[in-house]
Amino acid sequence: MLGAMSMPPGGPMYRSFRQDPSVAHAKLTRGTLRRIAAFARPFRGKIVLFLLLIALDAALGAATPLVYRAIIDHGITPGRAGVVAGLAALLAGVAVVAAGLGLGERLLSARIGEGLIFDLRTKVFAHVQRLSLAFFARSHTGALTQRLNGDVLGAQRAFTQTLSSVVSNSLTVVFVIATMLSMSWKVTLVSLALLPVFVAPVRWVGRKLAAIARESMELNAAMSQTMVERFSVAGAALVKTYGDPAREAAGYAADADAVRRIGVKSAVYGSAFRIGMTLVASIAVAVVYGLGGALAIRGELTVGVVVALVTLLNRLYGPITALSNVQVDVMTALVSFERVLEVLDLKPLVNDAPDAVDLAWDGGGGPAIRFAHVSFRYPSGAEVSLASLEGAGQDVGSGTRADGIGEGTPGWTLEDVSFEVPRGAMVALVGPSGAGKSTVSLLVSRLYDVTEGVVELGGQDVRGLTARSIREAVGTVTQDAHLFHATLRENLLFARHDADEPALWEALRRAQAGFVADLPDGLDTVVGERGYRLSGGERQRIAIARLLLKAPEIVVLDEATAHLDSESELAVQRALAEALRGRTSLVIAHRLSTIRDADLIVVLDKGRVAERGAHSHLLAEGGLYANLYRLQFAESRP
């Protein structure tokens, strides 16, 4: 009979007491419960049936001891074998029904929970995909992934574990106490009087478990972060070139030792939790047997009643203990839900206008790209992200760049910038670091919207164009070509999902990427994380092949050859020449020798247009461009 009180490791009640108790005081934003109910609406029929099965299960649990009483008092004591057999068969039937109810509960719980997880994950993923680049520039990837995984699972528990636990435990307590009172109010009151002795130690140990769990998560996170950083290609290379293997191993051992020590402490307190519950329950059972036995000897109770009371008592203390921590359970689930809703409430800074139209190229001689008195400052963190999603050390209010995508300074990044790129022409942007060159490329692709002024494509304000048509019209190759951890084929098809095999090989040929044919697996070669199985020049040529597959009207090259060796640069330059043929191009160049033949060179300095003109004209003027060119020429001489 005491087995009902034992708590297996990792059981729901044990897990409940490991949660942070401070969450019980969290304040939910207005309307959270209403929005949570909206997510539950598609499952309301299943939820009602789920609760009905829980109620029937709780009622059966309280009624079963009454059968025990009848077997003893009306069967065994008077020696009526037929009654015993009939009641035993009834017990078996009740067990079968209870098993069926349990299976039904689990099935409904799984369908509700997994359905809710699917809805939340797909909604969050789709919404995050629509958020502006500014959001990703400031958000910590790990924190964002946690919202999509950990917090979504926490929200799901609101409709499965938490709902089931609260309803089941509440009904069990009501049914059990009512049944006990109907048999003996004296024993019932004594049992209830022992509750504080039972619950108080459990809650004290529970607070210790919560603190240990919090420390354990922090230590495991630190250890995991160390592994993630050291096991990435870039991290492993840095350790091998700068690090000391013995020191790295010692540092990891220290982290692992801290995890080991907290694991031992958790196991000790966890055992104390379970043993303490069993011990106090055993004492309570002993008291009931003592009191009930004395009453039975005096004829006030029957033996069957005493046995039934002890059985009911075993079913009472567990639910009461769980309900003593119910506020933490409920708030933990609701806070997880609210953290998911926070992400869904973020508004994209760049949206299609209600009357947005597709980009249409007219037959006139107007410019392909036009910047008209453009001023721009990067948005603050409060405008685009959540403080809880941002990494340490980021300024959330000044507008300072923290994304590593391009240049940026506090305040205005661009001020009153105007220039045009004629169709089919090549215009180069040059200037010192931090001048705003990469920011211009981001505005062309409408990854950000201008703060003041207008950016036009084909004579149309980009804010009035659909994002899809801009995406189709503009292709970009950056200095750090990103490849997904997938095959070369999958990375190429990302640009044009319906491209056939001949189209893929033709794009690779034009991109000077013949090396793919020499790979053992050809197009099915897995490139590794960020494409690290390929050299820098090979990654760039794959990126150019991807661009050629897309076949955009406008090509933006952002320092595409900045970090390549001479041989790789030559191959990439030939590939770029193929990619730019017949297209409008905006080239951001660090090596000025690569853009001497540009139709127009725009020199930016501190976010403003300092000079513009052809290469020879700018050299003759002897201004900033000439100084930059002479400096690079001097650096290139032996």
Side-chain angles (χ1 to χ4, degrees), residues 130-138 346-357 359 366-385 394-422 427-467 469-471 473-474 476 554 556 558 584 586-588 600-613 624:
R130 292 193 295 269
L131 292 177
S132 312
L133 186 64
F135 168 79
F136 297 96
R138 303 192 69 97
L346 287 170
K347 303 299 183 187
L349 286 186
V350 178
N351 276 312
D352 280 359
D355 56 349
V357 298
L359 173 59
I369 304 171
R370 177 172 175 263
F371 274 59
H373 305 289
V374 169
S375 295
F376 176 77
R377 59 157 50 100
Y378 283 95
S380 67
E383 294 176 274
V384 298
S385 184
Q394 287 184 330
D395 179 357
V396 297
S398 69
T400 304
R401 286 297 305 277
D403 51 33
I405 294 173
E407 299 86 352
T409 55
W412 292 103
T413 303
L414 297 176
E415 292 188 75
D416 197 27
V417 171
S418 297
F419 67 89
E420 294 182 356
V421 182
V427 171
L429 295 177
V430 302
S433 178
K437 305 185 296 295
S438 291
T439 299
V440 170
S441 72
L442 298 176
L443 296 178
V444 170
S445 303
R446 208 197 168 200
L447 296 178
Y448 291 86
D449 271 338
V450 299
T451 309
E452 296 176 5
V454 177
V455 174
E456 293 180 353
L457 296 180
Q460 301 164 277
D461 189 333
V462 293
R463 289 169 293 193
L465 300 175
T466 61
S469 65
I470 296 175
R471 190 164 55 245
V474 181
T476 303
I554 297 171
V556 178
D558 189 352
T584 304
L586 184 65
V587 180
I588 298 169
L600 174 69
I601 298 172
V602 177
V603 184
L604 295 177
D605 186 29
K606 298 179 180 178
R608 292 178 174 272
V609 176
E611 300 172 305
R612 71 181 75 205
L624 177 58

Self-check item: Closest non-hydrogen atom pair, S418 against H373
Solution: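 Closest heavy-atom pair between S418 and H373: OG-N, 2.7 Å.
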Quiz prompt | Shortest non-hydrogen separation from T476 to S445 and the atoms involved | solution =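 Taking every non-hydrogen atom into account, OG1-OG, 3.8 Å.
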Check whether any side-chain heavy atom of [X] lies under 4.5 Å from a side-chain heavy atom of [Y], and answer yes or no.
X    : Y    : answer
R446 : V455 : no
P432 : L624 : yes
V602 : V417 : no

Once you round to the nearest 0.5 Å, how far does [atom1] of [X] lie from [atom2] of [Y]?
X    : Y    : atom1 : atom2 : result
L465 : L359 : CG    : CG    : 5.5 Å
K437 : L442 : NZ    : CG    : 12.5 Å
T439 : W412 : OG1   : CH2   : 13.0 Å
D461 : R370 : CG    : CZ    : 10.0 Å
T413 : R377 : OG1   : CZ    : 8.5 Å
L600 : F419 : CG    : CZ    : 8.5 Å

Quiz prompt | With sequence neighbours excluded, residues passing ring-ring contact (aromatic ring centres under 6.0 Å, His included) with F376 | solution =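 F376 satisfies ring-ring contact (aromatic ring centres under 6.0 Å, His included) with Y378, Y448 once adjacent residues are dropped.
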Practice problem: Determine the sole option in V454, V421, V450, V444 for which the side-chain contact (heavy atoms from CB on, under 4.5 Å) test with F371 is passed. | Solution: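 It is V444, the one option of V454, V421, V450, V444 that forms the side-chain contact (heavy atoms from CB on, under 4.5 Å) with F371.
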Quiz item: Testing T584, I369, L586 for side-chain contact (heavy atoms from CB on, under 4.5 Å) with V427, which one passes?
Solution: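 Per the side-chain contact (heavy atoms from CB on, under 4.5 Å) rule, the option paired with V427 is L586, out of T584, I369, L586.
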Quiz item: Taking it one step at a time, do E415 and K606 satisfy side-chain contact (heavy atoms from CB on, under 4.5 Å)?
Solution: CA-CA 9 Å; E415 292 188 75; K606 298 179 180 178; over 6 Å; no
Practice problem: Show your working on side-chain contact (heavy atoms from CB on, under 4.5 Å) between S441 and I588 and close with a plain yes or no. | Solution: CA-CA 8 Å; S441 72; I588 298 169; 3.8 Å; yes
Exercise. Name all residues meeting the salt bridge (charged side-chain N to carboxylate O under 4.0 Å, His left out) criterion together with E452; count only those two or more places apart in sequence or in a different chain, and write none if there are none.
Key: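 Result, salt bridge (charged side-chain N to carboxylate O under 4.0 Å, His left out) vs E452: none returned.
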Quiz prompt | side-chain contact (heavy atoms from CB on, under 4.5 Å) assessment of V609 paired with L604 | solution = CA-CA 5 Å; V609 176; L604 295 177; 3.8 Å; yes
Side-chain donor-acceptor contacts of residues 346-357 below 3.5 Å, not counting sequence neighbours, with atom names and distances?
{"from": "N351", "atom 1": "ND2", "to": "P348", "atom 2": "O", "distance (Å)": "3.2"}
{"from": "D352", "atom 1": "OD1", "to": "A467", "atom 2": "N", "distance (Å)": "2.9"}

